[in-house]
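In what follows, every chain begins at residue 1, and chains take the letters A, B, ... in the order their sequences are listed. Small disclaimer: the values here were computed from a predicted structure and weren't measured.
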2 protein chains.
Amino acid sequence: MVNPKPVDQLTEMEGLVLALLHRDGPLTAYEIKEVFRKSPSAFWSGSAGAVYPLVKRLEKRDILSSTDVSETRRPRREFTLTERGEQLMLAWLSDVERAVDPGYDPLRTRMQFAGMLEDQQREALFDAIADRIPSPASPAPGVGTEDLHRLWLEARRDWFSRFRAIFRR
Amino acid sequence: MVNPKPVDQLTEMEGLVLALLHRDGPLTAYEIKEVFRKSPSAFWSGSAGAVYPLVKRLEKRDILSSTDVSETRRPRREFTLTERGEQLMLAWLSDVERAVDPGYDPLRTRMQFAGMLEDQQREALFDAIADRIPSPASPAPGVGTEDLHRLWLEARRDWFSRFRAIFRR
DNA sequence: CTGACCATGTAACCAGTTACATGATTCA
DNA sequence: TGAATCATGTAACTGGTTACATGGTCAG
């Protein structure tokens, strides 16, 4: 890493878009937006207002390039990584510092405070959550490696039930 | 849930502050800020610019109340939940819809694209990450239930090593 | 032809960010 | 007494959000 200028910094969303384009590209802004919208996490809403400006500013920064691929009267613009974009994508993907960050998990956050609830309330909440945590048997659609997500859901479920058991001791 | 008006909506950060105040309060804005700053996740920076305005607007919405507890010339203002604040905190804590959301994990996100890397690059990245994922033996400080975090780190580590094994098959 | 949905995009807003300002306290 | 740190707070910015506008395409 030779003097990575702050101007090369990418937001997590930008990095993710680059990785997406590298793996599945070229894509239109709309297609990118749909990937976000269909992802199981509400962390990103998959709003047009996020994606269209994002690709626009990345193109201006010479990270993406686009070509008009309209076949009808409707405009249609596909985006690809520039060479610089490839480099930044790799840097983002290999950013160990960021990768190891625990990030944000609304369940984990709440469980810190599970002890505040009355036994009965807590059990009711735990039941409701246990019902709703998706089971590995029905993997969430379209978020990359099947295995990754299956394993992730398994781990999260296991973790939750182990944590829950603490209150039963 | 009887007609929860949108004005009662809390951001995740606001909800977390309420839960914190309920469990450990009363606290000053500075003390709240420190909790965020010391948390292992970079998800929130723990900036004054987030916390001071937050408590101010929650007080204006009759969710928090504050009292001046200065003992020296330096102003010192402690915040507590109002009755309404208690209710909203419980609603936030028991929000199953939000709780079950997978949230955001920078590692999980990146691992979706691990297949793009050359074997050698990938192994190097995996090694670097494995070195840096905190071990359950050295729990992160001050983020609530010890057990919760220990279990969480264990689960994350297990998940990562199982996922990694896929590439070795 | 018309209504539903597809696709592109913009506008207004907002909850965070970084950076800075200011004064209080503490300690060498 | 002066430097470092504590503590409170504000200002400017920004990357997202929701909501809206507009026109194209397609099915009945």
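Rounded to whole angstrom, the span from the OH atom of A/Y52 across to the C1' atom of D/dA21 amounts to 14 Å. When rounded to the nearest whole Å, the span between NZ of A/K38 and P of C/dC6 equals 10 Å. In this structure, the CD atom of B/E34 is 15 Å from the C1' atom of D/dG9, given to the nearest Å. The interatomic distance linking B/K33 (NZ) with D/dG9 (C1') rounds to 11 Å, in whole Å. One can place CZ of A/R61 at 12 Å from C1' of D/dT14, the figure rounded to the nearest angstrom. As rounded to whole Å, 16 Å separates atom P of D/dT14 from atom CG of A/L10. Atoms CD (A/E78) and C1' (C/dT8) sit 15 Å apart, rounded to a whole Å. Rounded to whole angstrom, the span from the CZ atom of B/R76 across to the P atom of D/dG9 amounts to 12 Å.
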Just the atom pairs and distances: protein N or O near nucleotides 15-17 of chain D's N or O, under 3.5 Å.
unit_1 : atom_1 : unit_2 : atom_2 : d
D/dG16 : OP1    : A/T11  : OG1    : 2.8
D/dG16 : OP2    : A/R57  : NH2    : 3.2
D/dT17 : OP1    : A/S45  : N      : 2.7
D/dT17 : OP1    : A/S45  : OG     : 3.2
D/dT17 : OP2    : A/S47  : OG     : 2.9

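Distances shorter than 4.0 Å separate none of the side-chain N or O atoms of B/K56 from OP1 or OP2 on D/dG9. Regarding contacts with the backbone of C/dA7, every side-chain N or O of A/T28 stays at 4.0 angstrom or more from both OP1 and OP2.
With sequence neighbours left out, the side-chain contact (heavy atoms from CB on, under 4.5 Å) criterion links B/D105 to A/W152, B/L107, B/R108, B/R156. Annotation: side-chain contact (heavy atoms from CB on, under 4.5 Å) contacts of A/S47 (sequence neighbours excluded): A/S45, A/A50.
B/Y30 and B/Y52 have their aromatic ring centers separated by at least 6.0 angstrom. Residues A/F43 and A/F36 place their aromatic rings such that the two centres sit no closer than 6.0 Å.
Between B/D119 and B/R122 there is a salt bridge, since a side-chain N of the basic residue sits under 4.0 Å from a carboxylate O of the acidic one. For B/R157 and B/E154, the salt-bridge test fails: no basic side-chain N is under 4.0 Å from an acidic carboxylate O.
Applying the salt bridge (charged side-chain N to carboxylate O under 4.0 Å, His left out) test to residues at least two apart or on different chains, none of the pairs has a partner in residues 43-54 of chain B.
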Let me have the donor-acceptor pairs involving side chains of residues 13-20 of chain A, under 3.5 Å, with sequence neighbours excluded, atom names and distances please.
unit_1 : atom_1 : unit_2 : atom_2 : d
A/E14  : OE1    : A/T11  : N      : 2.9
A/E14  : OE2    : A/R57  : NE     : 2.8
A/E14  : OE2    : A/R57  : NH2    : 3.0

(message) Strictly under 4.0 angstrom, non-hydrogen atoms only: write out the protein contact profile of nucleotides 22-28 of chain C, one letter per nucleotide from the 5' end, B, S or -.
(response) -BBS---
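Under the 3.5 Å distance criterion, the side-chain polar atoms of B/S94 are left unmatched by any main-chain donor or acceptor of B/A91.
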